[in-house]
Amino acid sequence: MCGIVGYIGKRNVVDVLIKGLETLEYRGYDSAGIAVNSDNEIKVYKKIGKLINLKNLLEEKKNEINNVTMGIGHIRWATHGGATDINAHPHTCTCGKLVVVHNGIIENFKELKEDLIKKGCVFRSQTDTETIAHLFAHEYGKTHDLTLAVKKGLEQIKGAYAICVMHKDEPDKIIASRKNAPLVIGVGEGENFIGSDIPAFIEYTKKAIYLEDGEIAVVKENSLEFFDANLNKIEKKIEQLPWEPVALSKLGFKHFMLKEIHEQPDVIRNVLNGKLFDIDEPIVLDEVKIDKESLKNLNRIEIIACGTSLHAAMVGKFLIEDFTGIAVDVEASSEYIYRKTVTNDKTLVIGVSQSGETADTITAIRQAKDKGAHVLIITNRPDSSMARYADSLIPVSAGIEISVAATKSYTAQVLSFYLLAIKLAEIKGTLSPEYMKNLKHELIQVPVKIEEILNNKEQIKKVAKKFANFRNFIFIARGINLPTALEGALKLKEISYINATGYSAGELKHGPIAMLDETMPVLSIMIPGGVTYDKILSNSEEAKARNARLIALTSSKDENLKDIFEDVITIPEIPEMLSPIVANVPCQLLAYYIAEFLGKDVDQPRNLAKSVTVE
Ligand code: F6R
């Protein structure tokens, strides 16, 4: 989604802004722009499309960009008004002296706009953001104090925002503020940075200050001041960022997605590190504040998430119900927030989110908290807005994920659910010590099994090449691997645009089977040793009888499978209960190689955004 960068200091401002925007590109966007204070004028450059278009424009105009002291930049993912040059940010007031970039949505922009037009403001774009520029300029006209004008303007705004503002007549500062959208200040020496996410400035500083909702920052070259929404001065803590800039490089892989798929064994080791010491030791989840007493008080668990995180949640439901007997519901956040839920103080609500910034999930979590639920957040970003609402937290420690398609974060979320479900079973005493030891032993083996799959990619590449030109694809599974089928299909559709769907294998004959013929590949995920293998095999035979093109993803060594399936993708042996965390990897690779054969933009698929900050 949208991204913000701001800089004030002695470096080449345009370079810092463009580099910062490049690091945010992964979030998905359709236009880009910057505004700089150059020769004591506010100059705005913006262009539809990828950053290269903006760079070309800046190259053309380079002679008019001189003596630049500060600037703000933005990449936009269109919400109000189509993707055009004019709708791209930054936006200025009528006289062009005040300029703003904005992430989020201003809900009351229509009323504000009508009023501002009556007051003589001339609007040029269809965006809600332009309203902010006019509103602040109107307030500036009364006070001639940019900080005060921003405060007065923000009081009139309803909605979500992260903003950066500059004014020609106050060329020593950028004002930044946020509400329900992230914004971080990068603290330098003789320079300061602003970013909607840390990659925007990690190359220059590892010191950061996170703004809270409603706070206002006055960012100058040699100083930083912070205020609450009433302009009372406040002190803020400087945090040391754990990331190295190298985390943002592809390290020789063609795409971030491929790199992130390959990082998964280490991610798992990293997640287990400090949480699972030994098969005889209890699981350690330091920030989970649930004990025997609070668990007694619980009558159900609700897990709320979107997209890939929702699929991890489905694995979580399966595990928690199986290991503890506690009833678990899983719901898409976007559905949860628009109905009368029965959440109360006897409910544990688990929010799952890679980014921790997904608007629907944040709203759902807030609603759950208002109803008295204990909120546990599973996120890859313990510095996110969602983590701030958490009563309990599981940081999934997958490291920054750049590719829009979630891979390693999914694996880390699924693993976190294994740890949580075992932990709850330990507290409740619902699993035998032997069974738990075995589970822990198997979890420790998972990285090596994934490494085996990664070392044996050729089998998957071959299948990808063969089926890359099919327009449809079905993934089937049952039980704990149904989410694996849904996630496999989601991954394939989002990066290759193939119409891929995941079904419960048992549901195939209740409708979807009508679609089957020789143009339909069906990938069956079947893990022997459990209760579903034989059933999925029968369902696959039913598909074969309708001439579907069958592919098996299995740990079975049964040679007879070659009589039923055209291709067999083999994974290492693993108990069915642990298999989702391993079986998902070949699905990721299949999606990757198909998209790659089709020449798609793997890391930044069309229309998608990494962090969906609008409902
Ligand atoms: C798919 C994908 C999305 C996200 C979804 C939720 O690859 O990345 O479906 O899973 O937008 O995002 P988070 O997990 O950040 O809440």
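Atoms within each ligand, like the ligands themselves, are counted from 1 in listed order. What you see is a predicted model; the values in this text were computed from it and never measured.
- Neither the backbone nor the side chain of E357 has any atom closer than 4.0 Å to an atom of ligand 1 (non-hydrogen atoms only).
- Atoms of ligand 1 lying under 4.0 Å from at least one heavy atom of A406, given by number and element, are 7 (O), 8 (O).
- Atoms of ligand 1 lying under 4.0 Å from at least one heavy atom of S309, given by number and element, are 10 (O), 13 (P), 14 (O).
- Considering backbone and side-chain N/O atoms, T358 comes within less than 3.5 Å of an N/O atom of ligand 1.
- Taking every heavy atom of V404 and a limit of under 4.0 angstrom, the matching atoms of ligand 1 come to 7 (O), 8 (O).
- The aromatic rings of H262 and F253 sit tilted relative to each other, their planes meeting at an angle between 30° and 60°.
- Relative to the ring axis of Y497, R606 places its NZ or CZ within 45° and under 6.0 Å from the centre.
- Those atoms of ligand 1 with a heavy atom of S353 less than 4.0 angstrom away are 13 (P), 14 (O), 15 (O), 16 (O).
- Within 6.0 Å of NZ in K289 there are more than 12 heavy atoms belonging to other residues, nucleotides or ligands.
- Residue-environment remark: NZ (K371) exceeds the threshold of 12 foreign heavy atoms within 6.0 Å.
- Atoms of ligand 1 lying under 4.0 Å from any heavy atom of C306, numbered from 1 in the order shown and given with element: 5 (C), 6 (C), 10 (O).
- Aromatic rings of H311 and Y410 (six-membered ring for Trp) have centroids beyond the 6.0 Å cut-off, not under it.
- Residue L310 does not touch ligand 1, judged by heavy-atom distances below 4.0 Å.
- Shown in contact with K491 at under 4.0 Å from a heavy atom are these atoms of ligand 1, numbered in order with element: 1 (C), 7 (O).
- Annotation: cation-pi pair K19/F201 absent, no NZ/CZ under 6.0 Å from the ring centroid and within 45° of its normal.
- Each of I163, N103, L211, I209 was scored for a side-chain contact (heavy atoms from CB on, under 4.5 Å) with L183, with one residue passing: L211.
- Residue contact check: A405 has heavy atoms under 4.0 Å from atoms 7 (O) of ligand 1.
- Each of the following atoms of ligand 1 lies closer than 4.0 Å to a heavy atom of G307: 9 (O), 10 (O).
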